[in-house]
Amino acid sequence: MKKGVQSMKVLVVGANGQIGQHVVKQLATSSEHTVKAMVRKQEQADELNNQGIETVVANLEDSVDELAKAMKGSDAVIFTAGSGGSTGPDKTLLIDLDGAIKTIEAAEEVGLERYIIVSAHQSHHRENWNEKIKPYYVAKHYADRVLRASKLNYTIVRPGGLLNEPGTGKISAAENLERGSIPREDVATTVVSSLTNEKTYHQSFDLISGEIQIDDALQKL
């Protein structure tokens with residue numbers, strides 16, 4: 001990505017999810033970027049359209065070609081989708097693993113370069129996976145590996161325990177961090193801030209609440 005290219009149209013995959021909603025809101029009010037929200041249901045699209053937000057209806061269980069159609073006209077993808085805690089390992093495989101990989105393939109197919117994925121804390125170290133949700137960690141681990149091996153300009157953000165508290169605007173970001181938690185709003189801000197921050201290009205990092213302002217923390221990667 002060329003230095004100085006700042007403004008992007010960003011497709012948010014999982015726009016109706018808890019982190020995704022924060023990302024969409026931040027991009028919709030951004031002076032730099034524009035947003036296209038990818039949702040699964042027409043009623044979700046209608047609700048966002050009523051707020052003046054561009055949408056596209058598509059499903060991560062659709063084909064790569066269908067997902068590529070949804071991406072057309074976008075400059076970047078932020079993948080925040082997840083099967084959710086109420087589903088079984090089958091949906092985790094279909095959404096968190098295969099769904100993510102299909103969007104990576106679709107991005108390559110349409111020539112889109114910038115791709116940011118929200119992963120899971122320490123997903124790159126099997127010995128640190130949470131045994132209770134091991135299939136989720138397996139999905140994140142291998143989706144991240146496929147992304148790193150792709151042609152895309154990627155950033156992999158691995159947040160700790162997710163909170164619904166208001167964001168503090170302060171984080172700790174590094175290749176390896178002890179277990180911690182972070183408000184979803186701060187995860188969203190970190191992801192949006194990473195879009196054009198060259199320090200985050202081709203980088204993977206753990207993310208928890210900390211003492212450093214988000215932009216300053218990203219500059220230290």
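In the hydrophobic cluster analysis, where Ile, Leu, Val, Met, Phe, Trp and Tyr join through side-chain heavy atoms closer than 4.5 angstrom, Val146 is grouped apart from Tyr201. Leu94 and Val64 fall into different hydrophobic clusters, defined by Ile, Leu, Val, Met, Phe, Trp and Tyr side-chain heavy atoms under 4.5 Å apart, directly or through other members. No continuous path of ILVMFWY side-chain contacts below 4.5 Å connects Ile116 to Leu11, so the two sit in separate hydrophobic clusters. Residues Ile171 and Val192 share a hydrophobic cluster, clusters being chains of Ile/Leu/Val/Met/Phe/Trp/Tyr side chains in contact below 4.5 Å. Put simply, Ile104 and Val56 are part of the same group of oily side chains (I, L, V, M, F, W, Y) that touch within less than 4.5 Å, one to the next.
Here Asn16 contributes atom CG and Thr55 contributes atom OG1; the two are 11.0 Å apart, rounded to the nearest 0.5 Å. Separation of atoms CG (Asp62) and CZ (Arg40) is listed at 11.0 Å; rounding is to 0.5 Å. For the atom pair OG1 of Thr155 and CD1 of Ile117, the computed distance is 11.0 Å after rounding to the nearest 0.5 Å. Note: Phe79 CZ to Ser119 OG = 10.0 Å, rounded to the nearest 0.5 Å. Atoms NZ and CZ, from Lys199 and Phe205 in turn, are 13.0 Å apart once rounded to the nearest 0.5 Å. Here Asp75 contributes atom CG and Leu112 contributes atom CG; the two are 7.0 Å apart, rounded to the nearest 0.5 Å.
At a threshold of 4.5 Å between non-hydrogen side-chain atoms, the residues Pro183 and Pro166 do not count as touching. A heavy-atom distance below 4.5 Å is found between the side chains of Gln51 and Glu47. Put simply, the side chain of Val57 does not reach to within 4.5 Å of the side chain of Lys41, judged on heavy atoms. Proximity of Leu218 to Leu221: side-chain heavy atoms (C-beta onward) are separated by under 4.5 Å at one or more points. Looking only at side-chain heavy atoms (C-beta outward), Asn59 and Glu61 come within less than 4.5 Å of each other. At a threshold of 4.5 Å between non-hydrogen side-chain atoms, the residues Ile212 and Lys220 count as touching. You'll find the side chain of Ile53 stays beyond 4.5 Å of the side chain of Lys25, heavy atoms only. Side-chain contact between Lys9 and His33 is absent, with no heavy atoms from C-beta onward closer than 4.5 Å.
Looking only at atom types and distance, the side chain of Gln122 has no donor-acceptor partner in the side chain of Asn130 under 3.5 Å away. Side-chain atoms of His22 and Asp186 include no donor-acceptor pair closer than 3.5 Å. Between the side chains of Gln42 and Asp46, at least one donor N or O lies within less than 3.5 Å of an accepting N or O. Between the side chains of Arg114 and Thr196, no donor-acceptor pair of N or O atoms lies under 3.5 Å.
At distances below 3.5 Å, not a single donor-acceptor pair connects side-chain atoms of Glu32 with backbone N or O atoms of Ser7. Panel note: side chain Glu66, backbone Ser63; no donor-acceptor pair is recorded below 3.5 Å. Not a single donor-acceptor pair under 3.5 Å links the side chain of Ser204 to the backbone N or O of Ile156. Checking side-chain atoms of His121 against main-chain N and O of Leu177 turns up a donor-acceptor pair under 3.5 Å. A donor-acceptor contact shorter than 3.5 Å is absent between the side chain of Ser193 and the backbone of Thr190. A donor-acceptor contact shorter than 3.5 Å is absent between the side chain of Thr34 and the backbone of Val10.
Residue Gln26 qualifies as enclosed at atom CD: its count of foreign heavy atoms under 6.0 Å is above 12. The 12-atom threshold is exceeded at CD of Glu43, counting heavy atoms of other residues, nucleotides or ligands nearer than 6.0 Å.
At a threshold of 4.0 Å, the pair Lys72-Glu109 does not count as salt-bridged, since none of the basic side-chain nitrogens sits closer than that to a carboxylate oxygen. Salt-bridge annotation for Asp206 and Arg158: present, with a side-chain N of the basic residue lying under 4.0 Å from a carboxylate O of the acidic one. Electrostatic pairing of Lys102 and Glu105 does not count as a salt bridge here, judged by no charged N lying under 4.0 Å from a carboxylate O.
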For a side chain to side chain contact (heavy atoms under 4.5 Å, CB included) check, start with the C-alpha distance between Asn164 and Arg184, then their side-chain angles and the critical distance, and finish with the verdict. CA-CA 6 Å; Asn164 281 328; Arg184 286 179 168 88; 2.9 Å; yes
In sequence, state the C-alpha distance, the side-chain angles, and the governing distance for Asn176 and His124, and then conclude on side-chain hydrogen bond (donor to acceptor under 3.5 Å, both in side chains). CA-CA 9 Å; Asn176 294 293; His124 58 317; 2.9 Å; yes
Apply side chain to side chain contact (heavy atoms under 4.5 Å, CB included) to the pair Thr92 and Ile133, showing each step before the final yes or no. CA-CA 10 Å; Thr92 302; Ile133 50 170; over 6 Å; no
Start with the C-alpha gap between Ile101 and Tyr142, add the side-chain angles, then the distance that decides, and say whether side chain to side chain contact (heavy atoms under 4.5 Å, CB included) holds. CA-CA 9 Å; Ile101 290 170; Tyr142 285 100; 5.6 Å; no
Criterion side chain to side chain contact (heavy atoms under 4.5 Å, CB included) on Leu93 and Asp90, from CA distance to verdict: CA-CA 5 Å; Leu93 274 178; Asp90 56 338; 5.9 Å; no
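When all heavy atoms of Thr80 and Gly20 are compared, the pair lying nearest together is OG1-CA, 3.4 Å. The two atoms that bring Gly167 and Glu185 nearest to each other are N-OE1, 2.9 Å, heavy atoms only. The minimum heavy-atom distance between Ile95 and Ser83, with the atom names listed, is CG2-N, 3.9 Å. In this structure, Ala81 and Leu60 approach most closely via the heavy-atom pair CB-CD1, 3.5 Å. Nearest heavy atom pair, residue Ala58 against residue Leu67, reads CB-CD2, 4.4 Å. Of all the heavy atoms in Ala188 and Val23, the pair that sits closest is CB-CG2, 3.6 Å.
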